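Note sheet for the following structure.
Read the numbers this way: they start at 1 and go in the same order the structure lists the ligands and their atoms. Owing to the predicted nature of the structure, the values given are computational and were not obtained by experimental measurement.
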Amino acid sequence: MKVMVVGSGAREHALAWKIRQSPRVEQIYVAPGNAGTAVMAHNLQLRPDNIEGLAAAARDIGIDLTVVGPEAPLAAGIADRFQQLGMPVFGPTKSAARIESSKVFARALMQKYGIPCPGGTAFSSYDEAREYIKSQTPPVVVKADGLAAGKGVTVVSSTEEALTALSEIMESRAFGDAGSSVVVEECLTGQEVSLLAFTDGRTVVPMVPACDYKRLLDGDRGPNTGGMGSYSPAGFFDAKLTQMVTRTILEPAVKALAAEGATYKGVLYAGLMVTAGGPKVLEFNARFGDPEAQVILPRLRTDLLDIMLAVIHNRLDKMDIRWSGDAYVGVVMASGGYPGSYKTGFPISGLDSLDDDMLVFHAGTKHGEDSRIRTDGGRVLTAAARGKNLAEARARAYRNVPRIHFEGCQYRSDIAAREVN
Ligand code: AMP
Ligand code: GLY
């Protein structure tokens, strides 16, 4: 089979790496990919938002399966378009992907079907949102309705800050049309965890849990980023909790979407807060998480291509999906200045000096004219280390990461520390 992976991050490198392990795969294509995918697949110079270009390339090459990494093309209807053309695609349709692309939709769905989520209200009127915020006791959470590259959510401890966040979203339109509506939410406390599942719209099979780190600096300080590290499993989130969340959150969400006429097929990601009152949904995503995928996929023992085909052909109930008991810790190495402005083009050294079983998933990298690997983005790579437990994986991660170097390189030194200490 020929498989095309859409996207250019470390998540997509991990997807291509895992899919390539299938004996049925003849060739992988990644659009547009990076320097890491270039050495194990064919990169196609097509952006993920160029749906017609991707469809034409898939037809010309004879792609048997297209796997969509990021949310933007899903929200733009890439799965619908491929299905219309009779080309197999892994990822939800545009209407099903609304569970990620509209926080107002996701909240309404959760409220209608009794899925545990924080208290809150959606607004399309700026004045009404402002009055509501004034009536609330901080802290509160203000969320832009639409996709905002992970930047549309502000957790604030004063009414003043909440009003500023609201005005940026709805008046200044910092995230464009994503800010035509907002959700104002109760601020929950507890431990965050991501539980992802495969689903064909009927059967829901949870993956192993993972935790990600959104803030730039150690101790969860500094600005929000696309994710600075991850680990799996999560010590505090055992098999019983996984089962409970599958029953009370993931399965009801899949059922609810089907009942609303938007059958969901693909990976459903629940971002959860495990509160004293049980797990509640902070967000749904319509795809694998980044950097969660980089620590979840290495633990998958079952052929990922088989799972994806079972999802497409509605036979996930026939699959026996197995995971290894290993632990993985992933450390994201980013360019200096990220998530603000940063320079690119710096050579990356030390990639050949790592322990044999270290996994390095590339994100913002490219081959320079001198064919050296150089930085080409904010998040440059995820270095993922295996261990028989998190302590071992964490120790191995931080033994190897300092061997990789590029000018301005920054990374967190506390990934999985709370699980170990
Ligand atoms: P989201 O994009 O909705 O996952 O939000 C980004 C981050 O904001 C989450 O990972 C949480 O750390 C935080 N967050 C979102 N909603 C809430 C909430 N209701 N209470 C507390 N923290 C939240
Ligand atoms: N790690 C969070 C996300 O992928 O949205």
Side-chain angles (χ1 to χ4, degrees), residues 7 9-12 14-15 68-72 74-75 97 99-107 110 115-122 133 136-157 161-162 165 169 175 178 182-196 207 209-216 220-232 234 266-277 279-297 330 332 339 361 363 379 382 412 415:
R11 165 182 56 204
E12 286 75 23
L15 281 166
V68 185
E71 62 276 17
L74 292 167
I99 198 157
E100 170 167 9
S101 64
S102 169
K103 293 195 189 288
V104 173
F105 173 80
R107 161 162 292 278
M110 288 189 278
I115 297 169
C117 62
T121 315
I133 286 174
Q136 297 295 302
T137 314
V140 294
V141 184
V142 185
K143 301 184 172 185
D145 173 48
L147 296 181
K151 296 180 184 118
V153 174
T154 335
V155 183
V156 288
S157 49
E161 289 169 288
I169 293 169
F175 313 108
V182 292
V183 166
V184 183
E185 241 171 49
E186 157 198 21
C187 184
L188 299 178
T189 52
Q191 273 186 293
E192 273 189 70
V193 63
S194 308
L195 188 65
L196 288 68
M207 303 187 202
C211 290
D212 74 337
Y213 291 77
K214 293 198 172 75
R215 301 292 202 94
L216 179 70
D220 289 330
R221 292 173 302 110
N224 268 318
T225 69
M228 292 300 290
S230 53
Y231 65 86
S232 176
V267 168
L268 180 61
Y269 166 132
L272 306 165
M273 185 75 88
V274 183
T275 71
K280 294 185 180 174
V281 178
L282 298 180
E283 65 166 343
F284 281 116
N285 292 322
R287 48 165 176 85
F288 276 101
D290 185 342
E292 287 96 328
Q294 294 93 298
V295 294
I296 290 174
L297 291 172
V332 171
F361 296 118
R379 287 192 296 164
T382 304
R412 280 181 66 153
I415 305 302

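- With sequence neighbours excluded, the residues forming a salt bridge (Lys or Arg N to Asp or Glu O under 4.0 Å) with D290 are R379, listed by chain and number.
- Within the 4.5 Å cutoff, side-chain heavy atoms of P118 are placed close to those of R107.
- Closest non-hydrogen pair, V142 versus A162, comes out as CG2-O, 4.0 Å.
- Using a 4.0 Å cut-off between charged nitrogen and carboxylate oxygen, R412 and D220 count as a salt-bridge pair.
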Find all protein N or O atoms under 3.5 angstrom from an N or O atom of ligand 2 and list the pairs with distances, or write 'none'.
| residue | atom | partner | partner atom | Å |
| --- | --- | --- | --- | --- |
| ligand 2 | 1 (N) | D212 | OD2 | 2.8 |
| ligand 2 | 1 (N) | D290 | O | 3.0 |
| ligand 2 | 1 (N) | E292 | OE1 | 2.7 |
| ligand 2 | 1 (N) | E292 | OE2 | 3.3 |
| ligand 2 | 4 (O) | R287 | NH1 | 3.0 |
| ligand 2 | 4 (O) | D290 | N | 3.0 |
| ligand 2 | 4 (O) | D290 | O | 3.4 |
| ligand 2 | 5 (O) | N285 | ND2 | 3.2 |
| ligand 2 | 5 (O) | R287 | NH2 | 2.9 |

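- Annotation: ligand 1 has protein neighbours K103, P118, V141, K143, V153, V155, E185, E186, C187, L188, E192, K214, M273, L282, E283, each with a heavy atom less than 4.0 angstrom from the ligand.
- One distance of note links OH of Y231 with CD of Q294; it measures 15.5 Å at 0.5 Å rounding.
- Taking the side chain as every heavy atom from C-beta outward, M228 and L216 approach each other to under 4.5 Å.
- When the side chain to side chain contact (heavy atoms under 4.5 Å, CB included) test is applied to E292, the partners found at least two apart in sequence or on another chain are S194, A210, D212, Y269, I296.
- For the pair R287 (side chain) and P70 (backbone), a donor-acceptor distance under 3.5 Å is absent.
- Side-chain contact between K143 and V153 is present, with heavy atoms from C-beta onward closer than 4.5 Å.
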